Protein chains: 2
Amino acid sequence: MMEHAQEALFRPVRAGNAFEETVERLMQAIRLGVVAPGERLPSERDLATRLGVSRVTVREAIRSLQENDYVESRRGRYGGTFVNEVIPKPAPGKEFGDIHDALTLRKVLETGAAEAAAGRSLGPAERRGLRARLEEASTASVGEYRRKDSRLHLAIAEATGSAALTAAVADSRMRVNELLDTIPLLEPNLAHSNAQHERIITSILDGDPASARQAMAEHLDGTASLLRGFLV
Amino acid sequence: MMEHAQEALFRPVRAGNAFEETVERLMQAIRLGVVAPGERLPSERDLATRLGVSRVTVREAIRSLQENDYVESRRGRYGGTFVNEVIPKPAPGKEFGDIHDALTLRKVLETGAAEAAAGRSLGPAERRGLRARLEEASTASVGEYRRKDSRLHLAIAEATGSAALTAAVADSRMRVNELLDTIPLLEPNLAHSNAQHERIITSILDGDPASARQAMAEHLDGTASLLRGFLV
DNA sequence: CTCCAAAGGTATGTCAGCGAGCCATTGGCG
DNA sequence: CGCCAATGGCTCGCTGACATACCTTTGGAG
């Protein structure tokens with residue numbers, strides 16, 4: 001009993017070395033669609049400052065992304081590092097240590113975010129942003145769906161106004177996406193998913209927290225049972 | 001809009017250097033009551049392994065705790081590093097950058113945890129553990145209340161069976177406790193708090209998720225408005 | 001057409017943190 | 001009574017990461 005709490009508190013202070021964590025972050029930005037294909041990453045110097053890491057480390061991380069064709073770099077003014085169109089799947093050799101863990105945290109965070117977002121008075125810019133992400137997700141092709149979907153869910157987290165919550169959702173989503181990437185994405189699921197998104201966003205924009213939570217819960221339960229089914 | 005998501009993703013990869021983060025973790029274990037006064041911390045070698053940090057770094061962290069009278073070390077077999085009774089308050093020079101942020105995340109995590117815990121079928125050991133923590137909190141003196149309170153809330157998180165959620169709750173609590181430490185702890189609040197704890201635990205043990213969430217939400221709203229009141 | 005700002009590319013000296021090993025102390029076990 | 005296992009205490013060389021500085025490329029502004 002006591003021991004479990006100690007496990008949580010005495011977990012490793014570092015998830016990996018600076019290089020690995022930097023790669024992880026850049027991957028997140030790309031996989032979650034925060035920087036879309038064709039768009040430019042912040043400059044190396046900028047990234048180094050923001051990530052609290054030396055430029056050398058940022059460059060090593062970017063190099064590793066280049067070698068896997070995630071990005072391309074161009075020199076000169078108005079150059080930079082650009083996200084490629086085709087995103088190769090990483091090797092699937094994943095260990096599904098604790099699906100329950102990942103799904104539990106996701107449900108808590110995202111239903112909570114939906115409720116909190118609905119309970120806030122959103123500005124016009126935020127409302128427009130949410131509708132835009134919804135539209136993007138609903139018109140996305142199968143290939144770009146996961147990315148657009150993540151952008152929408154991230155936008156909901158952002159709408160809570162809590163940076164820490166947004167960061168937590170991003171991490172959680174990354175973890176669950178790694179699992180989702182190993183199972184097929186089917187058209188019917190996609191249509192169903194879009195309908196649910198519609199309900200969630202409507203509830204949030206209407207300022208109905210209970211309904212937003214409920215809609216998000218149903219949405220997440222869908223993919224959760226899909227996952228559990230495929231990964232028995 | 002897009003920029004806010006980038007802020008979350010391109011946040012610093014390291015919260016501080018290894019030494020600082022190690023101190024932070026050990027402080028958490030003590031302040032949250034995971035290792036109670038008089039009890040022994042894991043051995044330096046053990047901590048180094050678990051925290052993923054060199055023994056040298058662990059020792060530096062422990063030394064810094066010794067200098068502030070948080071712990072004492074004894075050599076020899078059956079020696080170790082022991083938590084002191086009196087816990088000096090740290091200097092209060094805190095910057096309340098974003099109370100909203102901390103409180104939003106806490107509410108999401110802890111109401112979610114209460115609901116998830118109530119939705120699970122708990123083993124006898126877990127049920128006993130929850131009752132024990134409840135009892136400890138309800139009989140705690142003012143001096144030890146915050147610690148016992150945190151232990152109870154952590155136990156609820158543990159009861160979800162999600163390590164990631166437990167870790168997230170621990171971090172969030174630490175953040176909020178830093179704020180709470182700057183305002184007085186009054187007897188009436190304490191009694192009220194105990195009554196709410198009772199409701200929360202009862203709901204969880206009865207397997208009533210909606211009620212557990214509701215009770216936890218009310219409980220948290222209490223301290224939240226208290227905080228907002230004091231820190232206007 | 002020239003200049004230059006802003007981006008990626010490169011090199012170097014410094015230091016925190018690590019690994020590994022050894023020492024010193026202590027109290028129970030044989 | 002002596003041994004010895006487990007703990008804290010200490011040292012030293014190695015490596016990853018950093019800060020800083022400079023070089024190269026590029027395309028728009030003047």
Side-chain angles (χ1 to χ4, degrees), chain A residues 6 10-27 29-30 35 38-84, chain B residues 3 6 10-27 29-30 35 37-84:
Chain A
Q6 290 206 1
F10 296 144
R11 85 200 110 103
V13 294
R14 305 265 149 119
N17 57 34
F19 164 74
E20 287 167 346
E21 291 201 48
T22 303
V23 171
E24 190 62 25
R25 285 296 182 77
L26 298 180
M27 285 282 287
I30 296 171
V35 182
E39 289 186 348
R40 216 196 64 179
L41 289 175
S43 77
E44 294 177 354
R45 288 169 176 83
D46 189 7
L47 280 175
T49 306
R50 294 212 231 174
L51 296 175
V53 119
S54 80
R55 211 185 131 205
V56 180
T57 304
V58 170
R59 299 200 76 256
E60 283 170 355
I62 287 178
R63 175 122 69 94
S64 126
L65 293 184
Q66 287 168 348
E67 283 165 2
N68 292 99
D69 278 327
Y70 282 92
V71 299
E72 274 174 12
S73 294
R74 292 201 289 275
R75 294 225 262 184
R77 189 168 191 176
Y78 305 96
T81 300
F82 297 83
V83 176
N84 280 337
Chain B
E3 294 68 28
Q6 290 206 1
F10 296 144
R11 84 200 110 105
V13 294
R14 304 267 151 116
N17 57 35
F19 164 74
E20 288 167 346
E21 290 201 49
T22 303
V23 171
E24 190 61 24
R25 285 296 181 78
L26 298 180
M27 284 282 289
I30 296 170
V35 181
E39 288 187 349
R40 217 196 64 179
L41 289 175
S43 76
E44 295 177 352
R45 290 169 175 83
D46 189 8
L47 279 175
T49 307
R50 294 212 231 174
L51 296 175
V53 119
S54 82
R55 212 187 129 205
V56 181
T57 304
V58 170
R59 300 200 76 257
E60 282 169 357
I62 287 179
R63 176 122 68 93
S64 127
L65 292 184
Q66 287 169 347
E67 284 164 2
N68 291 295
D69 279 326
Y70 282 92
V71 298
E72 273 173 12
S73 295
R74 291 201 289 276
R75 293 223 263 184
R77 189 167 190 178
Y78 305 97
T81 299
F82 297 82
V83 176
N84 280 338

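In this text, all values refer to a predicted model and were calculated from it rather than measured experimentally. Lettering of chains follows the sequences in order, A, B, ..., and the numbering in each one begins at 1. FYI, side chains are in, hydrogens and waters are out, and symmetry mates aren't considered; it's all heavy atoms of this structure.
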Measure the distance from CG on A:Leu47 to P on C:dA6 and round it to the nearest whole Å. 17 Å
Rounded to the nearest angstrom, tell me the gap between atom CD in B:Glu20 and atom P in C:dA16. 12 Å
Atom-pair distance (CD on B:Glu60; P on D:dG8), nearest Å: 16 Å
Let me know, please, whether A:Ser43 or A:Arg14 comes out on the 5' side of the other along DNA chain C by nearest nucleotide. A:Ser43
How close or far is atom P of C:dG9 from atom CD of A:Glu72, stated in whole angstroms? 12 Å
d(CZ, A:Arg77; C1', D:dG30) in whole Å: 12 Å
Within this structure, what is the CD-to-C1' distance between A:Glu44 and C:dG9, rounded to whole angstrom? 8 Å
5' priority, DNA chain C, between B:Arg45 and B:Val56 [closest heavy atom]: B:Val56
Give A:Arg40 one of three labels, base, sugar-phosphate or nothing, depending on what nucleic acid heavy atoms sit under 4.0 Å from its own. sugar-phosphate
Residue B:Arg75, side-chain atoms from C-beta onward, closest of C:dG17, C:dA24, C:dG8: C:dA24
Over-ring placement of A:Arg74 relative to A:Phe82, 6.0 Å and 45° cut-offs: yes
Of the listed C:dG21, D:dA17, C:dG17, the closest approach to the B:Arg55 side chain comes from C:dG21
Under 4.0 Å: is that the gap between some side-chain N or O of B:Arg59 and OP1 or OP2 of D:dG8? no
